[in-house]
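Only one structure is covered here, and it is reproduced in the block below.
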There are 2 protein chains.
Amino acid sequence: MALTVRKNKSPAPQCPIGECMAFLRGAWTPAIIWNLSGGARRFGELRSDIGKISAKVLTHRLRELEDMGVVRRDVKPTSPPSVEYSLSDLGKELMPAIAAIVSVGHRLKKRSARRLAA
Amino acid sequence: MALTVRKNKSPAPQCPIGECMAFLRGAWTPAIIWNLSGGARRFGELRSDIGKISAKVLTHRLRELEDMGVVRRDVKPTSPPSVEYSLSDLGKELMPAIAAIVSVGHRLKKRSARRLAA
DNA sequence: CAGCATCCCACGGGATACTG
DNA sequence: CAGTATCCCGTGGGATGCTG
């Protein structure tokens, strides 16, 4: 105990939160990744599944995620253009975090519902 | 298969991401919660532990988290004022999500380090 | 269908200075 | 020590309209 450690409280032993949060920036990003976890989906599907996201934002976020190597973008040269988005390997690495967020969300939802009932 | 289900892809079976993300809003919030997970900490400790967060933002986020019932604020009426922040039970419920984020962050960091070495 | 362009606003966050 | 008060800016995001 030669160090000038005032307390034995664990001072958050290295927390590279930024390393992960960099990929989750934006209010919709987690939802996007989550909706892609079930497999490749097209732009419109994604849009309606997520709910109220605007096309602009969805495009923006998807491009960003693509640039970061989180999602893959596959264009099928069909007559009405069709684009499929899917998670890359890197994207799949983010799933535990997203899944945990979703799980917590579920628990929180149930809890608040119970409080309202009481 | 009477439904007009085009594909058997799982369309993200309910994702109350918002329920959880509402508590993680802001770039610093996860870091704040993470740094409180080791036990109660004072304002200054928190500030320097997190790193580069400004006092204004830290105050703002802490107040917000307090209002939402995520953190508790205990004022010790000592001569130099001393305030301790700690996680409430609700705040502790968020830990799995934060921990997952941190864990993913670690893996991502290692991975990128390895890529740089190659 | 899958976007891009444009406008416009709100909020998060940094910097700096000041206080009980 | 633990904030508060301003000022300022960048970006996220919504709405609407147009295109290949």
Side-chain angles (χ1 to χ4, degrees), chain A residues 4 6-7 9 11 17-18 20-36 40-68 70-86, chain B residues 4 6-7 9 11 17-18 21-36 40-68 70-86 101:
Chain A
T4 325
R6 298 189 308 101
K7 313 186 179 185
K9 289 176 187 174
I17 286 186
C20 181
M21 289 308 283
F23 295 96
L24 305 185
R25 219 185 16 177
W28 296 109
T29 310
I32 293 174
I33 298 180
W34 175 251
N35 277 277
L36 285 180
R41 295 190 77 72
R42 293 173 46 188
F43 188 86
E45 293 178 308
L46 217 42
R47 186 151 150 58
S48 65
D49 285 350
I50 293 179
K52 299 158 36 67
I53 190 172
S54 70
K56 189 192 76 170
V57 174
L58 181 53
T59 306
H60 188 180
R61 287 273 97 87
L62 283 172
R63 292 275 185 266
E64 213 171 71
L65 291 170
E66 191 191 352
D67 290 345
M68 293 189 297
V70 171
V71 309
R72 237 188 5 216
R73 181 169 180 267
D74 292 302
V75 184
K76 318 264 180 181
T78 56
S79 163
S82 162
V83 183
E84 294 227 321
Y85 292 92
S86 54
Chain B
T4 327
R6 300 189 308 99
K7 314 187 179 183
K9 291 174 187 175
I17 285 186
M21 289 309 284
F23 295 95
L24 306 185
R25 221 184 16 176
W28 295 109
T29 310
I32 293 173
I33 299 180
W34 175 252
N35 276 278
L36 285 179
R41 295 189 78 71
R42 293 174 45 188
F43 187 86
E45 292 178 310
L46 216 42
R47 185 150 151 61
S48 65
D49 284 349
I50 292 179
K52 297 156 41 66
I53 191 172
S54 69
K56 188 192 75 170
V57 174
L58 181 53
T59 306
H60 188 181
R61 287 272 99 83
L62 282 172
R63 291 274 185 266
E64 214 171 68
L65 291 170
E66 190 190 354
D67 290 344
M68 294 189 296
V70 172
V71 309
R72 237 189 8 216
R73 181 169 181 270
D74 293 301
V75 183
K76 319 264 181 182
T78 56
S79 162
S82 162
V83 183
E84 295 228 317
Y85 291 94
S86 54
I101 290 174

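Note on naming: letters A, B, ... go to the chains in the order of the sequence lines (proteins, then strands), and numbering restarts at 1 for each one. Computed from a predicted structure; not experimentally measured.
Of the inter-residue distances, the one linking B:Lys56 atom NZ with B:Arg61 atom CZ reads 10.0 Å to the nearest 0.5 angstrom. Distance check, rounded to the nearest 0.5 Å: CD1 of B:Ile50 to CG of B:Asn35 gives 5.0 Å.
Between B:Tyr85 and A:Ala55, the residue anchored closer to the 5' end of DNA chain D is B:Tyr85, taking for each the nucleotide with the nearest heavy atom. Where A:Val57 and A:Pro81 each meet DNA chain D at their nearest nucleotide, the meeting point lying more 5' is that of A:Val57.
The shortest distance between side-chain heavy atoms of A:Leu24 and A:Ile33 falls below 4.5 Å. Side chains of B:Trp28 and B:Leu58 form no contact here, defined as non-hydrogen atoms less than 4.5 Å apart.
In this structure, B:Leu58 atom CG and D:dC1 atom P are separated by 14 Å, rounded to whole Å.
For DNA chain C, the contact window with chain A, defined by any atom under 4.0 Å from a protein heavy atom, covers C:dC1 to C:dC7 in 5' to 3' order.
Tested against B:Thr29, the residues B:Leu65, B:Leu62, B:Val57 include a single side chain to side chain contact (heavy atoms under 4.5 Å, CB included) partner, B:Leu65.
Counting only heavy atoms from C-beta on, B:Pro80 has its side chain closest to D:dC1 among D:dG14, D:dC1, D:dG3. Considering only side-chain atoms of B:Lys56, the nucleotide from D:dG14, D:dA2, D:dT6 that sits closest is D:dT6. The side chain of A:Arg61 lies closest to D:dG12, out of D:dC1, D:dA15, D:dG12.
A distance-only check finds no donor-acceptor pair linking the side chain of B:Arg41 to the backbone of B:Tyr85 [under 3.5 Å].
Taking 4.0 angstrom as the limit, B:Arg47 places none of its side-chain polar atoms (N or O) nearer than this to OP1 or OP2 of D:dC1.
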